[in-house]
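To start, the structure under review is shown below, and the notes come after it.
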Amino acid sequence: NAGVTQTPKFQVLKTGQSMTLQCAQDMNHEYMSWYRQDPGMGLRLIHYSVGAGITDQGEVPNGYNVSRSTTEDFPLRLLSAAPSQTSVYFCASRSGAPGETQYFGPGTRLLVL
Amino acid sequence: EDKVVQSPLSLVVHEGDTVTLNCSYEVTNFRSLLWYKQEKKAPTFLFMLTSSGIEKKSGRLSSILDKKELSSILNITATQTGDSAIYLCALQGGSEKLVFGKGTKLTVNP
């Protein structure tokens, strides 16, 4: 099992550019989430999904879109990047089983100039 | 709205000290409270707590939940420099979301 994978590891964008952060998991997990982490702010939930075809907003969804067409993949789209979106982005997944913890990907560091 | 508050936000100790990290929460419908350790990269799982008063232990780390006080503590005994990290507390309430606190940055000096 590769677990949760994210690409790219690092990306520099100019203001207004668009891009997609990729996230995939091979554990057949139902639940997947995207977080952003900024210094002193902990992890803040952007969007999450409870299964293929189902997504919902988290705490800081503005400026981001997601889709979940398959169980394995949960891409995060920035339609028009802004400097405020400079952050480290983590994707996570877990099964629906009681007591099952959440597994994190290695993160994507994004710099918007 | 579910909320998690961790304290202190930052802590500096010497090797061998014992530390206690705090996590308090507000939740509509409690399901579980989780502790994670984050070093340079992604958070790694430490404990999941669902029942009040039952201590979970792993080596020098232990944690306990107090549902009456809406809080949890994470204890680390005989700290080592390798314990230096950000410790994150997360809450799962009625929805499938995990809500994280801002974390406690622990620095253990030799």
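By convention in this document, chain letters (A, B, ...) are assigned in the order of the sequence lines, proteins followed by strands, and residues within each chain are numbered from 1.
Using a 4.5 Å cut-off between side-chain heavy atoms of Ile, Leu, Val, Met, Phe, Trp and Tyr, with links allowed through other members, B:Val4 and B:Leu33 fall into the same hydrophobic cluster. Both A:Val66 and A:Val60 belong to a single network of hydrophobic side chains, linked directly or stepwise wherever heavy atoms of I, L, V, M, F, W or Y lie under 4.5 Å apart. Residues B:Val13 and B:Ile86 are members of separate hydrophobic clusters, defined by side-chain heavy-atom contacts under 4.5 angstrom among Ile, Leu, Val, Met, Phe, Trp and Tyr. When hydrophobic clusters are built by joining Ile, Leu, Val, Met, Phe, Trp and Tyr residues whose side-chain heavy atoms come closer than 4.5 Å, directly or via intermediates, A:Leu76 is not grouped with A:Tyr35. The hydrophobic cluster containing A:Val88 also contains A:Phe104, counting ILVMFWY residues as joined when their side-chain heavy atoms lie under 4.5 angstrom apart, directly or transitively.
Within residues 35-72 of chain B, the residues having any heavy atom less than 4.5 Å from a heavy atom of chain A are, in residue-number order, B:Tyr36, B:Gln38, B:Lys41, B:Ala42, B:Pro43, B:Phe45, B:Met48.
For a residue to count as touching a neighbouring chain, one of its non-hydrogen atoms must lie under 4.5 Å from one of that chain's; by this rule B:Leu88 touches chain A with the side chain only. If you measure heavy-atom distances from A:Ser33 to chain B, you find no contacts under 4.5 Å at all. Interface remark: A:Gln102 contributes backbone and side-chain atoms alike to the contact with chain B (heavy atom separation under 4.5 Å). Proximity to chain A (any heavy atom under 4.5 Å) is shown, for B:Gln6, by neither the backbone nor the side chain. Contact of B:Leu98 with chain A is made through backbone and side chain together, with heavy-atom distances under 4.5 Å. Proximity to chain B (any heavy atom under 4.5 Å) is shown, for A:Tyr103, by neither the backbone nor the side chain. Proximity to chain B (any heavy atom under 4.5 Å) is shown, for A:Arg44, by neither the backbone nor the side chain.
Summarising the geometry, atom CZ belonging to A:Arg94 is positioned 9.0 Å from atom CG belonging to B:Leu34; distances are rounded to the nearest 0.5 Å.
In this structure, the ring pair (Phe, Tyr, Trp, His ring centres under 6.0 Å) partners of A:Tyr64, at least two apart in sequence or on a different chain, are A:Tyr89.
For B:Phe100 against A:Leu43, the heavy-atom pair with the smallest separation is CB-O, 3.4 Å.
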